[in-house]
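Structure first, commentary second.
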Number of protein chains: 2
Amino acid sequence: MHPYEATASQILAQLRDGSLTVEQYAQSLLSRIEQRDDDVKAWAYLNPDLIIQRAKELDQIPKAERGPLHGIAIGVKDVIFTKDMPTQHGSPIYEGASPEIDSASVSILRHAGALIFGKTTTTEFAASQKGCATRNARDPGRTPGGSSSGSGAAVGDYQVPIALGTQTGGSVIRPASFNGTYGFKPTWGAISREGQKIHSLTFDTLGFFARSAADFKLLADVFEIHDDTPPEPEFGVAGASFAIAKTAVWPKAGPGTVAAMEKTAELLRESGARVEEVELPAEFAQASAWHKVLLDTDGKASFLPEYRRAADRLSPTIVGHVENIAGHTRAQILEAFDGLAALRPKLDAIAARYAAIITPSVPDEAPVGLHSTGDFCFNAMWTALHVPVINVPGLLGPNKMPVGISLVVPRYHDQHLIAVAEGVGKVLEHSAAWVATN
Amino acid sequence: MHPYEATASQILAQLRDGSLTVEQYAQSLLSRIEQRDDDVKAWAYLNPDLIIQRAKELDQIPKAERGPLHGIAIGVKDVIFTKDMPTQHGSPIYEGASPEIDSASVSILRHAGALIFGKTTTTEFAASQKGCATRNARDPGRTPGGSSSGSGAAVGDYQVPIALGTQTGGSVIRPASFNGTYGFKPTWGAISREGQKIHSLTFDTLGFFARSAADFKLLADVFEIHDDTPPEPEFGVAGASFAIAKTAVWPKAGPGTVAAMEKTAELLRESGARVEEVELPAEFAQASAWHKVLLDTDGKASFLPEYRRAADRLSPTIVGHVENIAGHTRAQILEAFDGLAALRPKLDAIAARYAAIITPSVPDEAPVGLHSTGDFCFNAMWTALHVPVINVPGLLGPNKMPVGISLVVPRYHDQHLIAVAEGVGKVLEHSAAWVATN
């Protein structure tokens, strides 16, 4: 196995026992990128000299002083500040912009010894479908999803083991599903979002891409994301209870997602789990519409500075937010804000009855073409309700493209979720990349 | 009248008719500061050469291209990024730090033609009582309040007409009251908080200091803070209905605040208003405790980067947040978060029955000494409930120090609030700085 193929947890062991240096590891990743970048185009900024310099610095650190993520390469979505690289937000307005500051997340990762590798592409401000040429890790003719396009593609393509993304609609879970990676959107508020471009304070959440659930455990520990009750050391699927929540958006599910949901239930049952369908109370049907109202109106305040300075260089989506073309009133904003707030504890109570809720990550396989990054319709409600979500890969749709499923648990049960995702992931991996047939 | 004595609205008229240049205006403010800075110490960064250079640039702009705030000098609290000045957060960790980026608010103000004047002092990260030597504009032996200490003192002392502050507990309203200025905390979310140090996403709100309510109208228009129904062009106190809400914290009110509340009711009644006492339902008594829970736990995530890098250079308050010395559980965090969310529409409904709720801004006059910036007990609930608040000055306590009162209205009625504050302000000003007697 080449070093670039390893997960973060696997490579950590080699870096710790001295069988691999950070510099060697970085060279392996760079050679993979060199080979693949023309097809995938996952990077908004990548400076091999800087990477090797930082890798050498990490190799110089005495063993006793190394952090828990020593040498782990991490891609950073280009709406997140990095003091030694530009941050351009996928927008021509910020071309070449390079504020010399680290986001809270990058600061914590750097301090833990991570090798901040480069900036991954994003659609414009992580808020429109415009602005990046990145292609799917599995098929250059398809979208990698968005807005964390480069992070999903880079991790899916073995260019880095971990990447940071952000989710306001479905920008972590969707590209994770499309590129066949794990994706983790923690509980809203569990990690500081300082130093990231804001679209919606109500929804924006820092998230992660990785190729194993165990890697999320590493990250959750570094970010001190703890549950009130630590989860069992190893979660067993046998005897556990799962809910299938198709939600009000189910009519949008295509054949790949329909088959993936059925196959997941079947595999879990075969492994000894109880799986039952749960219908959320009718009031939850409002959640997606309320999410949309706040996406628009939070975007109005967030993008006013860019609108004032350079409206002609913004996409119509962003201009539409600022000009409130949807015509939302303040009363409607408050109805959405308070309505979602009232649903949050209700969802927690329902989710607490199960090991996890299983729900679609996407309508289907990644769409063909690069003109659209896909639809976040299956993610909006969970983002709006602040619950942690993990996309679990392992199944393939009719065109042998990945179709993930989402696991959802109550807020602040992130460590439990990671344990469940590890258990469910094993079951899906055992299916040996089961392929849905048309 | 010297130019430095004018409000923003007054000086705009002179800048527009050409009777004053921006450079002349800047010189007037600088001369005031030169005279007073040893006593007040409101500035964390002030560069007269840069100010004059910017002022000259503004004077060069053709009249037709000038923005709505052309030439208006604005002080910026030192937790808010300015691309041409350091941002040091009142913390030794950020001494000399100078990320070359503007916050959303500064970007909008600059685009509107404002003269970004300098950085005003803040307590450490706007989150502890530590870290600034600023003194009250009316008495150098007393605190100016915090955490927006420099903004309150600079506006109160006629060093700038407007300054930006932030409020997470009571950091705009308290220094406004202590320094005898107007203070405006808009509805949470109405203005982007991008590019400000985060303490609590749930509460942090950008706010303003000025010496007239009319100046807030200028700012609300620039930031596109609109109500669903535009307020009457001139609000008349006569015939209007006000509620007096003493709240569960009333036992903390000292003689200055007790007298100010009584005098305000008396003056409004004399002007033809109806004033009645309203008792909030018992569940509102929880709001301050819930606010404290989220202040601590949001602070845990927000200050984790600084804690990891330099815990020994943080005050015990900040360390306590990160180490969760209060021992809040995740269940308690959610109870607080959801509990406050449920109260918000209830408060809106109560407040909507009146022109405004009148409530204390502070326990009393600014305390003697600089060891404490005072108590935000009377502000916490309103911050937590996201409602807009204006501190109206005009009355004095037993030691002839200012004691303001707060006006509160439902969320997103900010323009209405400004109109009411203008009306109430006139009534209090007519009292000719009425002094409470011991």
- prompt: Just wondering, are more than 12 heavy atoms of other shown residues or ligands nearer than 6.0 Å to CD in B:E100?
  reply: no

message: Counting only heavy atoms from other residues, nucleotides and ligands, does the tally under 6.0 Å from CD of A:E57 exceed 12?
response: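 Atom CD in A:E57 is crowded, with more than 12 foreign heavy atoms closer than 6.0 Å.
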
- prompt: Do A:F223 and A:F208 have ring centres separated by under 6.0 Å?
  reply: yes

Who wins among [options] for the most heavy-atom pairs under 4.5 Å with chain B?
| options | value |
| --- | --- |
| A:S98, A:P99, A:S107, A:G195 | A:S107 |
| A:I225, A:V322, A:L201 | A:L201 |
| A:E224, A:H226, A:R309, A:H386 | A:E224 |
| A:A331, A:P305, A:S192 | A:P305 |

For [X], is it the side chain, the backbone, both, or neither that has a heavy atom closer than 4.5 Å to a heavy atom of chain A?
| X | value |
| --- | --- |
| B:I198 | both |
| B:R193 | both |
| B:H413 | neither |
| B:F303 | neither |
| B:D348 | side chain |
| B:E335 | neither |
| B:A342 | neither |
| B:Y307 | neither |

message: Ring-plane angle category for B:Y94 and B:F125, please: parallel below 30°, perpendicular beyond 60°, tilted otherwise.
response: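 Aromatic pair B:Y94/B:F125 classed perpendicular.
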
- request: List the steps, then state whether salt bridge (charged side-chain N to carboxylate O under 4.0 Å, His left out) holds for B:K197 with B:E306.
  value: CA-CA 12 Å; B:K197 190 86 185 96; B:E306 287 81 9; 2.9 Å; yes

Carboxylate-amine/guanidinium contact [X] [Y], below 4.0 Å:
| X | Y | answer |
| --- | --- | --- |
| B:R411 | A:D338 | yes |
| A:D84 | A:R110 | yes |
| A:D296 | A:K300 | no |

statement: One option among B:P410, B:P345, B:S302 has the most heavy-atom pairs under 4.5 Å with chain A, and it is B:P345

message: Under a 3.5 Å cutoff, is there a donor and acceptor pairing between the side chains of B:D414 and B:T187?
response: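 The answer is yes; a qualifying pair exists.
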
